[in-house]
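Report on the following structure.
Letters go in sequence order (proteins before strands), and every chain restarts at 1.
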There are 2 protein chains.
Amino acid sequence: MKSQTSHKVIVPDAAGALRRQYCNIGDASLRSGVSSKMIRHYEATGLLPEVHRTAANYRLYSEEDINQLRFIKRARSLGFSMKQIARLVSLWQNKSRSNADVRNLAMEHVADLDTRIREMQEMRHALHVLAVRCHADGEPECPILDSLAVEYPDRAD
Amino acid sequence: MKSQTSHKVIVPDAAGALRRQYCNIGDASLRSGVSSKMIRHYEATGLLPEVHRTAANYRLYSEEDINQLRFIKRARSLGFSMKQIARLVSLWQNKSRSNADVRNLAMEHVADLDTRIREMQEMRHALHVLAVRCHADGEPECPILDSLAVEYPDRAD
DNA sequence: CTTGACCTTCCCATGATAGGAAGCCTGATG
DNA sequence: CATCAGGCTTCCTATCATGGGAAGGTCAAG
């Protein structure tokens, strides 16, 4: 069985002592708010390091690992992409990072959010204008459908 | 070869006459603004009917087909999902539809947009607050990372 | 020893879109 | 008529973040 993986294996002898510091993926999930599925996925994509394993191949998470999961969780809740989060984690762990780099990353994401918010507000506005023009009286006549069905524009967007 | 498909085949005899009314997928794409890829995809998922084919199995699009593509294109640009668009198309083609149904569908989507806009505005706000607190002076000290790295919250979200 | 709750890996699905390969068809040119 | 470009066909793959589920191994309590 996979003897050439790089993570350290916690041998049974040491299990008693180490169980106090390490927890299984289920507990890591509970304590971080990240599902076990996603924890494994983050590991597979390199966002998380390969953690320790028991002799039975169970993953073992340290406090530090769990803090990293929480970091990722919070970054996700701010809408950062996985790629951005990978950069954030790397900055976080780099003691000689520049806070300017972090802020640039954040502002890049803010600009991205602004774009998407604006697009959705435009959709929202257009739709709402159509909806208030609709009598909604049970008749087939409907300005919303009429607007979608305009015939003339013979050009690609 | 696939003799049991349901679409009508335009036989070569009729080709001359029908070429004036029908166009290939590339032209349909240009005239509707929907990529050929997506036109085929919409057909595969049942959003579009199976169109006519030439004897060589090329798809042929009528004016009506192209209008339906434009309808879909505009609904997409308003952010409706494919499922919602399927409902919209079906209402559009139902001459005894109720405009109340259409407006309900639209308002459902408006509510959805509102939710997503609000979520993104909250992210945007939180991030911006952090970003303006960051000196961005090249030092490692960074309130953005600090905020992501808070240690205490030992609970699932 | 059995049982149930956990863990492992592997595969599949979502939704809308795009890229690409391999092969056939068509129209225009030499 | 032969050829060549470009358009068409189908089929497979990828994206992004997430989750569902199967088949099988592990562990602790009874």
Side-chain angles (χ1 to χ4, degrees), chain A residues 1-2 5 7 9-10 12 15-16 18-19 22-30 32-48 50-61 69 72-73 75-86 109 112 116 119 123 157, chain B residues 1-2 5 7 9-10 12 15-16 18-19 22-48 50-61 69 72-73 75-86 109 112 116 119 157:
Chain A
M1 50 192 81
K2 35 191 80 174
T5 51
H7 56 261
V9 170
I10 305 297
L18 289 162
R19 285 289 154 70
Y22 290 90
C23 65
N24 285 341
I25 197 169
D27 291 321
S29 170
L30 283 178
S32 65
V34 179
S35 71
S36 303
K37 282 276 186 196
M38 290 313 296
I39 296 177
R40 293 194 196 97
H41 180 63
Y42 293 161
E43 181 183 313
T45 58
L47 184 53
L48 285 177
E50 292 201 353
V51 293
H52 300 299
R53 300 274 188 142
T54 67
N57 209 29
Y58 283 23
R59 289 172 178 80
L60 289 178
Y61 294 86
L69 282 169
I72 293 169
K73 170 87 177 173
R76 275 301 294 145
S77 76
L78 288 174
F80 284 103
S81 71
M82 287 300 129
K83 276 186 187 163
Q84 291 173 318
I85 292 176
H109 180 40
D112 204 59
R116 298 184 355 220
E119 286 170 356
M123 290 179 193
D157 270 336
Chain B
M1 47 194 83
K2 34 191 82 172
T5 50
H7 56 261
V9 169
I10 305 297
L18 289 163
R19 287 288 154 71
Y22 289 91
C23 64
N24 285 341
I25 198 170
D27 292 320
S29 171
L30 284 178
R31 295 185 54 201
S32 65
V34 179
S35 72
S36 303
K37 282 277 187 196
M38 289 313 295
I39 296 177
R40 292 193 197 96
H41 180 65
Y42 292 162
E43 181 184 312
T45 58
L47 184 53
L48 284 177
E50 291 201 353
V51 293
H52 300 300
R53 300 274 189 142
T54 67
N57 209 29
Y58 282 25
R59 288 173 180 82
L60 289 177
Y61 293 87
L69 282 170
I72 293 169
K73 170 86 177 173
R76 276 301 294 146
S77 76
L78 287 174
F80 284 104
S81 71
M82 288 299 128
K83 277 186 187 163
Q84 290 173 318
I85 292 176
H109 180 39
D112 204 59
R116 292 192 286 161
E119 286 170 356
D157 271 337

Whole-Å gap separating [atom2] ([N]) and [atom1] ([X]):
X	N	atom1	atom2	answer
A:Asn57	D:dG24	CG	P	17 Å
A:Glu50	C:dT9	CD	C1'	14 Å
A:Leu47	D:dC16	CG	P	13 Å
B:Leu60	D:dT9	CG	C1'	13 Å
A:Lys73	D:dA17	NZ	P	14 Å
B:Arg116	C:dG15	CZ	P	14 Å
A:Lys83	D:dA17	NZ	P	8 Å
B:Phe80	C:dA16	CZ	P	13 Å

With A:Asp27, which residues qualify under side chain to side chain donor-acceptor pair (under 3.5 Å), at least two apart?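 Result, side chain to side chain donor-acceptor pair (under 3.5 Å) vs A:Asp27: none returned.
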
Which residues share a salt bridge (charged side-chain N to carboxylate O under 4.0 Å, His left out) with A:Arg40, sequence neighbours left out: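 Applying salt bridge (charged side-chain N to carboxylate O under 4.0 Å, His left out) to A:Arg40 gives none.
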
Excluding sequence neighbours, so at least two apart, what forms salt bridge (charged side-chain N to carboxylate O under 4.0 Å, His left out) with A:Arg116?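 Only A:Asp112 meet the salt bridge (charged side-chain N to carboxylate O under 4.0 Å, His left out) criterion with A:Arg116.
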
Please examine the side chains of B:Arg59 and B:His52, heavy atoms only from C-beta on, and report whether any two atoms are closer than 4.5 Å.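 Sidechains of B:Arg59 and B:His52: no contact.
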
Check: B:Met82 and B:Arg76 side chains under 4.5 Å, non-hydrogen atoms: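 Sidechains of B:Met82 and B:Arg76: in contact.
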
Could you work out how much the helix from C:dC1-D:dG30 to C:dG30-D:dC1 bends, comparing the axis of its first five pairs with that of its last five, to 10°?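 Taking the rotation axis at each end, their angle is 30°.
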
Kindly give the atom pairs (protein nitrogen or oxygen, nucleotide nitrogen or oxygen) under 3.5 Å for nucleotides 18-20 of chain D.
unit_1 : atom_1 : unit_2  : atom_2 : d
D:dT18 : OP1    : A:Arg76 : NE     : 3.4
D:dT18 : OP2    : A:Tyr42 : OH     : 2.9
D:dG19 : OP2    : A:Ser35 : OG     : 3.2
D:dG20 : N7     : A:Lys37 : NZ     : 3.2
D:dG20 : O6     : A:Lys37 : NZ     : 2.7

If I compare all heavy atoms of [X] with all of [Y], which pair ends up nearest, and what's the gap?
X	Y	value
B:Ala28	B:Ser32	O-OG, 2.7 Å
B:Tyr61	B:Ile39	OH-CG2, 3.2 Å
A:Gly26	A:Ser36	CA-OG, 4.2 Å

Output one line per pair: protein atom, nucleotide atom from nucleotides 2-7 of chain D, and distance, for all N/O pairs under 3.5 Å.
unit_1 : atom_1 : unit_2  : atom_2 : d
D:dG7  : N2     : B:Tyr58 : OH     : 2.7

Under 4.0 Å, counting only non-hydrogen atoms across every strand here, what does B:Ser81 touch: a base, just sugar-phosphate, or nothing?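 If one applies the 4.0 Å heavy-atom cut-off, B:Ser81 turns out to touch the sugar-phosphate alone, with no base involved.
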
Side chain to side chain contact (heavy atoms under 4.5 Å, CB included), that's the test. Do B:Leu47 and B:Ile72 meet it? Break it down for me. CA-CA 9 Å; B:Leu47 184 53; B:Ile72 293 169; 3.8 Å; yes

Out of C:dT9, D:dT10, D:dC27, which nucleotide sits closest to the side chain of A:Arg40?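 Ranking C:dT9, D:dT10, D:dC27 by closest atom to the A:Arg40 side chain puts C:dT9 first.
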
